[in-house]
Every structure is written in structure tokens, then in C-alpha cells.
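Written below as C-alpha cells is the structure these notes are about.
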Amino acid sequence: MKRERVAIVGAATSGLIAARSLGRHGVETTVYDQKTRLGFPVRASGILSISGLAGLKIGYRSGITNTLRGARIHAGKREMTIRAGGDIAYVLDRIKLNEICRDEAEAAGAKVVTGKKIDGQALDQLHADNIMVGADGAVSTVARHFAMGGMGKHVLTYKAEYDVGGLDDMVDLFFGRDISPNFFAWFCPNTKDVLEVGIGVDPAYGNAKRAFDNFIKREEVKSVIGNAKMLDGAACIIPMSLRRKIVDNAGEVLLVGDAAGQVKPSTGGGIIFGGNAAMLAADAINNHIRDGDSLEAYDKAFRKGFLMDLKMHSIVNKLYSGLGTRGVESALGVMGMLGMDSFLGKHGDMDRPTLILKRLFLRERG
């Protein structure tokens with residue numbers, strides 16, 4: 001039986017972008033989410049590059065809570081500052097962002113159904129009449145039910161907000177095996193007054209909440225948050241590699257976003273890659289319904305457009321994980337001597353490291 005409708009499980013950013021794109025193609029689409037309030041509770045950070053957001057074509061501006069211009073990288077006793085000449089990223093309210101994406105999906109003709117738990121039986125019922133899209137996060141029910149394979153590596157995170165006031169437009173990143181083996185901790189000014197403090201942990205090395213509790217006891221953290229009240233806290237799991245399968249052509253099942261593992265292994269950010277994948281998946285589904293084209297076109301398009309960048313993000317993660325605290329400290333010193341702080345401030349790209357290499361190559365040739 002040929003399926004001509006689409007059911008998307010998961011009403012976070014990637015699922016809603018897929019629904020918006022399918023609606024604009026004229027494909028009957030319904031999004032299901034077990035939450036009654038989209039995006040709540042907020043478990044992931046909302047730092048998104050301005051260039052990456054432009055490609056997603058979301059009307060995001062009402063969700064902006066702060067503007068960022070760079071980062072301070074800390075390892076051991078060394079610090080390197082990378083400051084851009086202008087705005088490079090926005091911090092977005094993730095609940096507001098989801099509401100914006102929902103409104104855009106519904107405006108395009110898609111339906112969004114909340115408060116509905118989708119278990120295995122419900123998936124089989126939906127799959128009888130619909131092409132299935134799993135956009136239901138790292139621990140994806142769709143991926144598990146339809147045997148899409150595993151992802152391998154993942155990171156556990158814990159973050160909390162503090163009302164400290166007087167914040168600037170820079171993110172702070174803290175590397176070191178004594179802080180977080182194989183990942184890092186961070187400060188992000190979510191607003192000019194509210195600081196997000198977070199940490200990611202390789203599960204092989206322990207518990208994210210315990211690592212967080214140890215991190216906020218450090219002098220460099222206490223000097224910033226002082227006696228500020230913790231506003232909230234949340235744990236999250238972040239995939240660090242692509243799932244073995246992101247499309248089952250015969251079964252007409254696709255995965256997008258965290259469910260597919262479309263996340264930068266260097267930082268854990270996934271909205272830009274997942275959102276682009278959602279649009280590619282929608283195009284492939286439309287062509288499949290209209291012309292009978294293979295859904296594998298989605299996998300091929302995503303790999304062609306984004307796999308090299310994901311691999312480079314993975315290399316960055318392996319580099320800072322393998323070097324250890326002293327190694328990263330030394331690397332920052334060498335990078336400073338080579339003027340990489342200035343170069344990255346002018347030419348850095350949070351999402352597409354292949355562009356950085358091209359610009360570096362052109363600089364060397366010049």
C-alpha cells in the first residue's frame with residue numbers, strides 16, 4: 001500500500017521544521033508529542049549561529065534573549081579569547097522557538113497534536129497509513145521500534161541557571177580531565193542577567209549531576225555565581241555520532257535531529273544540522289509521494305551536504321579529549337602564537353568547519 005500521509009513523532013525543532021516543509025509541499029502531515037507544553041521542560045541550551053539560523057528560515061527574532069560575539073576558552077592556567085567583529089550567535093528561548101516553529105508548521109497546513117504518548121502499538125497503527133518520521137530525541141522510540149540501529153557514543157549533561165547580573169556577550173568554555181573527561185563545561189549568558197552553567201560528561205567517567213556539583217565548587221565558578229540563587233536545573237542526553245540508519249526506504253521510516261544523531265560532536269549542538277536534515281527529509285518524502293523516488297535520497301543528500309562537517313566536529317572532540325588538560329593548555333599557547341585567535345575571530349564558523357579550512361587555505365596561499 002502506498003502511503004501518502006506523514007506522521008512525525010516529536011514536536012521539537014527538527015520535527016516541526018519537517019512538518020512546515022511538508023505542509024508547504026501540500027503533504028498531509030500530523031506531528032505528535034507526549035508533552036502538553038512544547039519545549040518544556042527546557043533541557044538543552046539555545047546557542048545558535050546567526051548564519052545557521054538564516055539557512056533554516058525560521059522567524060526566530062521574538063525568541064532572542066541575548067546576542068553573543070565570541071568565546072573564552074580555558075584550560076589549566078591558560079585562556080584564549082576569540083572575539084568576532086560583530087554578532088555571531090543568538091541565545092534563543094527554546095520554548096519560544098518551539099512555539100514559533102509550531103505556528104509556522106500549522107500555518108503551512110500541518111496538524112500538531114500534543115499530550116499523546118506514542119508507544120509501539122500506536123506506532124504500528126500510525127504506520128499503517130503514514131510515512132513515519134522520528135524526531136523524538138536521542139532515546140528515540142521510533143528508531144528502536146523500527147530497528148534503525150544504535151548511535152554508539154553519547155554525552156550526559158546537566159545545566160542550571162543563576163541570576164547573577166552584569167553579564168557580557170561571551171561564552172566561557174572549560175576544558176580539562178579534572179573537570180570533564182572527553183567533553184567540557186561552560187558558562188553562557190542566556191540574558192544580560194541570567195547565566196547558564198553546564199557540563200557534559202562521557203558516561204564512562206561518571207554522573208553529570210555529580211560532575212556539575214563538583215564544577216560549581218571550583219574557585220573560578222564561585223567567583224562568578226557567588227551566592228546567586230539557582231533558578232532551575234535539567235539533565236539531558238546528547239548523541240555524539242550518527243545512527244546506523246537514518247532512513248528505511250522499504251518501511252518508509254526516516255529519522256531527523258537528535259533521533260538521527262545529527263549533532264555536532266565538538267559542542268553537542270544539533271538544531272542547525274537537524275533542521276537542515278528535516279528540510280531534506282521533507283523534500284525526499286515529497287518526491288517519493290509524487291514521483292515514486294527512493295527515500296534514500298534523503299540519506300544521500302544529508303551525507304553530501306553535512307557529513308564532512310560532522311566528521312570534522314568529531315575530530316575536534318577527539319583532539320581535545322585526547323590531549324588532556326596540559327595538552328589543551330599547550331595547544332592554546334601555540335594557537336595564540338600563530339594568531340589563530342584573531343583568525344577565528346574573523347573567519348570562524350560555529351557549524352561548518354570546512355569553511356574555516358577553506359579560509360585558512362586561502363590565507364596561507366595569500
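The shown structure was predicted, so the numbers you read here are calculated from the model rather than taken from an experiment.
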- Query: Is the side chain of S314 donor-acceptor paired with the backbone N or O of P265 at a distance under 3.5 Å, no angle test?
  - Reply: no
- Is the shortest heavy-atom distance from the side chain of D33 to the side chain of V113 under 4.5 Å? no
- Query: Between L156 and G206, what is the shortest heavy-atom contact and its length?
  - Reply: CD1-O, 4.4 Å
- Message: If you take the centroid of each ring, where Trp contributes its six-membered ring, are F175 and Y320 closer together than 6.0 Å?
- Response: yes
- Which heavy atom of A259 sits nearest a heavy atom of G134, and at what distance? CB-O, 3.6 Å
- Query: Does a sphere of radius 6.0 Å around CE in M230 hold more than 12 heavy atoms from other residues, nucleotides or ligands, not counting ones at 6.0 Å or beyond?
  - Reply: yes
- Note on the structure: Separation between CZ (R94) and CD (E99), nearest 0.5 Å, reads 13.0 Å
- Query: Say you draw a straight line from CG of D168 to NZ of K192; how long is it, rounded to the nearest 0.5 Å?
  - Reply: 7.5 Å
- So, does K245 use its side chain to make a donor-acceptor pair with the main chain of L255 at under 3.5 Å? no
- Item | With D299 via salt bridge (charged side-chain N to carboxylate O under 4.0 Å, His left out) - residues at least two apart | R303
- Qualifying residues under salt bridge (charged side-chain N to carboxylate O under 4.0 Å, His left out), relative to K209, sequence neighbours excluded: D213
- Non-hydrogen side-chain atoms of L195 and V164 separated by less than 4.5 Å: yes
- F302 versus Q262: any side-chain heavy-atom pair under 4.5 Å? yes
- Check whether any side-chain N or O of N286 sits under 3.5 Å from a backbone N or O of A282 as a donor-acceptor pair, and report yes or no. no
- Message: Test: side-chain hydrogen bond (donor to acceptor under 3.5 Å, both in side chains). Region: residues 105-125. Which pairs qualify, not counting sequence neighbours?
- Response: D124-H145
- Item | Side-chain H-bond candidate by donor/acceptor type, D351 with S49, under 3.5 Å | yes
- Item | Listed once per pair and sorted, the side-chain hydrogen bond (donor to acceptor under 3.5 Å, both in side chains) pairs that draw on residues 195-207, sequence neighbours left out | S45-E196, N182-D202, W186-E196, N190-E196
- Item | Closest non-hydrogen atom pair, L68 against P189 | CD2-CG, 3.7 Å
- Query: Are V112 and V256 grouped together when hydrophobic residues (ILVMFWY) are joined by side-chain heavy atoms under 4.5 angstrom apart?
  - Reply: yes
- Query: If we only count heavy atoms from C-beta on, is the I100 to K96 side-chain gap below 4.5 Å?
  - Reply: yes
- Query: Closest approach of T29 and V27, non-hydrogen atoms and distance?
  - Reply: OG1-O, 3.0 Å
- Return yes if some donor-acceptor pair links the side-chain N/O of D87 with the main-chain N/O of T67 below 3.5 Å, else return no. no
- Task: Verify, without hydrogens or angle tests, whether E329 (side chain) and K77 (backbone) share a donor-acceptor contact under 3.5 angstrom.
- Result: yes
- Could you tell me whether a side-chain N or O of R177 sits under 3.5 Å from a main-chain N or O of S321, the two making a donor and an acceptor? yes
- Message: Enumerate the ring-ring contact (aromatic ring centres under 6.0 Å, His included) contacts for residues 237-256, please, sequence neighbours excluded, ordered by first and then second residue.
- Response: none
- Contact check, side chains of C188 and I47, non-hydrogen atoms, under 4.5 Å: yes
- Query: Is D172 salt-bridged to R72, cutoff N-O under 4.0 Å?
  - Reply: yes
- Which heavy atom in I199 sits nearest to a heavy atom in I179, and how many Å separate them? CD1-O, 3.4 Å
- Message: Whether the side chain of R83 engages the backbone of S342 through a donor-acceptor N/O pair (distance < 3.5 Å, no angle test) should be reported.
- Response: no
- Please name all residues satisfying salt bridge (charged side-chain N to carboxylate O under 4.0 Å, His left out) with E296, sequence neighbours left out, ordered by chain then number. none
- Task: Could you tell me whether the side chain of I17 reaches within less than 4.5 Å of the side chain of M279, counting heavy atoms only?
- Result: yes
- Report yes or no: does H288 contribute a side-chain atom to a donor-acceptor pair with the main-chain N or O of D293 at less than 3.5 Å? yes
- Is it true that the side chains of K153 and N317 contain a donor and an acceptor less than 3.5 Å apart? yes
- Message: Other residues, nucleotides and ligands only: do more than 12 of their heavy atoms fall within 6.0 Å of CZ on R218?
- Response: yes
- How close do F187 and V171 get, heavy atom to heavy atom, and via which atoms? O-CG1, 3.2 Å
- Message: Just verifying a value: how many Å separate E252 CD and F146 CZ, rounded to the nearest 0.5 Å?
- Response: 11.0 Å
- Query: Would a distance-only check, ignoring hydrogens and angles, find a side-chain to backbone donor-acceptor pair under 3.5 Å from T157 to A235?
  - Reply: no
- Message: Contact between L254 and M132 at the side-chain level, heavy atoms closer than 4.5 Å - yes or no?
- Response: no
- Is the shortest heavy-atom distance from the side chain of I58 to the side chain of C101 under 4.5 Å? yes
- Test item: R3 side-chain N/O and H127 main-chain N/O as donor-acceptor pair under 3.5 Å: yes
- Query: In terms of hydrophobic clusters joined by side-chain contacts under 4.5 Å, are V155 and M151 together?
  - Reply: no
- Message: Do S294 and N249 pair up side chain to side chain, a donor and an acceptor below 3.5 Å, judged on atom types alone?
- Response: yes
- Message: Would you compute the distance between atom NZ of K222 and atom CG of N227 and round it to the nearest 0.5 angstrom?
- Response: 10.0 Å
